[in-house]
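What follows is one structure encoded as structure tokens, with my remarks underneath.
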Amino acid sequence: MKILVINAGSSSLKYQLYDMTDESVLAKGLVERIGMDSSILTHKPTGKEEYTEVSEILEHTTAIRKVLNALTDAEHGVISSISEIEAVGHRVVHGGEIFKQSALITPEAKSEIRRLFDLAPLHNPPSMMGIKAAEANMPNVPQTVIFDTSFHQTMPEKAYMYAIPRVLYNKYKVRRYGAHGTSHDFVSKEAAKFLGRPLEDLKTITCHIGNGGSITAVKGGVSVDTSMGMTPLEGLMMGTRSGDLDPAIVPYVMNKEELTVNEVNSMLNKHSGLLAISGISSDMREIEAGMEKGEANSTLAFEMYEYRLRKYIGSYAAAMNGVDVIVFTAGVGENSSVLRKRVLEQLTFLGIELDDSLNAIRSGEPRRITTANSKVEVLVIPTNEELVIARDTFRLVQ
């Protein structure tokens, strides 16, 4: 079975085509600048040269059509006909309490996703545009939705509830939902496989650290706590997001600066985090380069980022009464040996012994970065959220 995986944003669309007989990627690519007359399609067929096309793509239906044309192109394509695509899987950020697992797309499912727009206003509406666009281009092909929040639906009430009037939960479902669930699910399973140990026996802390970041406590294979909250703003300090802060800061700053709700929301989501403290960038590579030059603001930004990350790891070890495995994944987690070293050097109370030579290795494969004597295994595992979507789609359609 060939499955097309789609991750739609407001002005972009990522895709991968899988052959599920061996879970191989036949092609992948990206459509950028949707809504403009100079949109860019970058198509990467496996075993063939990369192909780029610049054209006018004003909405997602045209973007999907361009993707399908590329996939079936005589020179750059990897399939002879659209009919070879037997299912489509969509990434959707927020599934609320309704979607505790992945689901087939039905009129009822689409209605529920729309109802959740308020919980993920930047993410769910573009996902719906991707769903509609795929339906328009492939009307008879089964489609599925895989949610970032589903993996965290196993959290106990004591972990997901906020200490505010319960009426707000009863009326509006104000609670912790988490995010990056497909990634945390994938790497926790891969960690058990790598170690050759039953997933059910492990207490694992998974650190998905990219421009956005979250940490999850995975006990026996299920999420018991996670750092992101009702929205992706809570938790760690991130590239442009503030992460945890005193909620009283919001009305205080709004009053002092005469900010609107939208303005303060933009400040906390787009103008905070590493970018705000360093004053130069939200990219960890540039922050580390600034540190090497002795830039004080870059150094402070890095130290704040690392400190908060380390505190969450410690708190989740306490939440699970121990930890067997810590996993680093995503862009920063997989590539910043400096960050991993700084974090782990301050976690020796857990019995962690970092192997500097293993930590310095750059590899696209799962690997251990601790010594044989370390009481806690620390792994670097590349995440693969698209594969999780493809697998769930395959299971649902089958």
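Note that the coordinates shown come from a computational prediction; the quantities given were computed from them, not determined experimentally.
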### Task
Go through the steps for Y307 and Q346 under the test side-chain contact (heavy atoms from CB on, under 4.5 Å), then give the verdict.
CA-CA 9 Å; Y307 180 64; Q346 298 296 317; over 6 Å; no
### Task
For the pair E53 and Y51, evaluate side chain to side chain donor-acceptor pair (under 3.5 Å) and give the outcome as yes or no after the intermediate values.
CA-CA 7 Å; E53 176 187 327; Y51 167 71; 3.0 Å; yes
#### Entry: Candidate pair F394 and I3, rule side-chain contact (heavy atoms from CB on, under 4.5 Å), full reasoning
CA-CA 8 Å; F394 181 73; I3 293 175; 3.7 Å; yes
### Task
Could you walk me through whether E75 and K48 pass the side-chain contact (heavy atoms from CB on, under 4.5 Å) test, one step at a time?
CA-CA 9 Å; E75 183 178 355; K48 297 183 179 182; over 6 Å; no
### Task
Give the C-alpha distance, both sets of side-chain angles, the deciding distance and a yes or no for side chain to side chain donor-acceptor pair (under 3.5 Å) between R340 and N359.
CA-CA 8 Å; R340 295 193 301 264; N359 184 47; 2.8 Å; yes
### Task
Test V327 against S188 for side-chain contact (heavy atoms from CB on, under 4.5 Å), laying out the working first.
CA-CA 8 Å; V327 180; S188 60; over 6 Å; no
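Contact record, V187 with P382: CG1-O, 4.4 Å, taken as the closest heavy-atom pair. Considering every non-hydrogen atom in both L41 and A70, the closest pair reads CD2-CB, 4.1 Å. Residue Y160 comes nearest to M155 through the heavy atom pair CD2-O, 3.4 Å, listed as atom of the first residue, atom of the second, then distance.
Environment of NZ in K28: sparse, with no more than 12 heavy atoms of neighbouring residues, nucleotides or ligands closer than 6.0 Å. The environment of K132 atom NZ is sparse: at most 12 non-hydrogen atoms of other residues, nucleotides or ligands sit within 6.0 angstrom. Applying the 6.0 Å contact sphere to CZ of R285 captures no more than 12 heavy atoms from other residues, nucleotides or ligands. For K44, the NZ atom sits in a loose shell: 12 or fewer heavy atoms of surrounding residues, nucleotides or ligands are nearer than 6.0 Å.
Between the CG atom of L4 and the OH atom of Y15 there is a distance of 9.0 Å, given to the nearest 0.5 Å. Here NZ of K2 is found 9.5 Å from OG of S83. Values are rounded to the nearest 0.5 Å.
Residues passing the side chain to side chain contact (heavy atoms under 4.5 Å, CB included) test with D355 are S357, L358, T371, sequence neighbours excluded. A search for side chain to side chain contact (heavy atoms under 4.5 Å, CB included) contacts involving N335 returns R362, not counting sequence neighbours.
Under the 3.5 Å distance criterion, with hydrogens and angles disregarded, no donor-acceptor pair is assigned to the side chains of Q153 and T149. Looking only at atom types and distance, the side chain of Y18 has a donor-acceptor partner in the side chain of Q16 under 3.5 Å away. Between the side chains of E50 and H43, no donor-acceptor pair of N or O atoms lies under 3.5 Å. Under the 3.5 Å distance criterion, with hydrogens and angles disregarded, no donor-acceptor pair is assigned to the side chains of R33 and S11. Residues S214 and H184 have side chains that bring a donor and an acceptor to within less than 3.5 angstrom of each other. No side-chain donor from either of E32 and S39 sits under 3.5 Å from a side-chain acceptor of the other. Remark: the E365 side chain and the S363 side chain contain no N/O donor-acceptor pair separated by less than 3.5 Å.
In terms of modelled atom types and a separation under 3.5 Å, the side chain of E334 and the main chain of A330 share a donor-acceptor contact. For the pair E295 (side chain) and N297 (backbone), a donor-acceptor distance under 3.5 Å is absent. Within the 3.5 Å criterion, the main-chain N or O of I215 finds a donor-acceptor partner in the side chain of T226. For the pair S266 (side chain) and N262 (backbone), a donor-acceptor distance under 3.5 Å is absent. Between the side chain of R367 and the backbone N or O of I361, at least one donor-acceptor pair lies under 3.5 Å.
In this structure, Y177 has its ring center closer than 6.0 angstrom to the ring center of H94.
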Going by atom type alone, with no hydrogens or angles, which donor-acceptor pairs under 3.5 Å involve a side-chain atom of residues 228-242 and a protein atom two or more places apart or on another chain?
from	atom 1	to	atom 2	distance (Å)
T231	OG1	L233	N	3.2
E234	OE1	Y162	OH	2.6
E234	OE1	R176	NH1	3.4
E234	OE2	R176	NH1	3.4
E234	OE2	R176	NH2	3.2
T240	OG1	N269	O	2.8

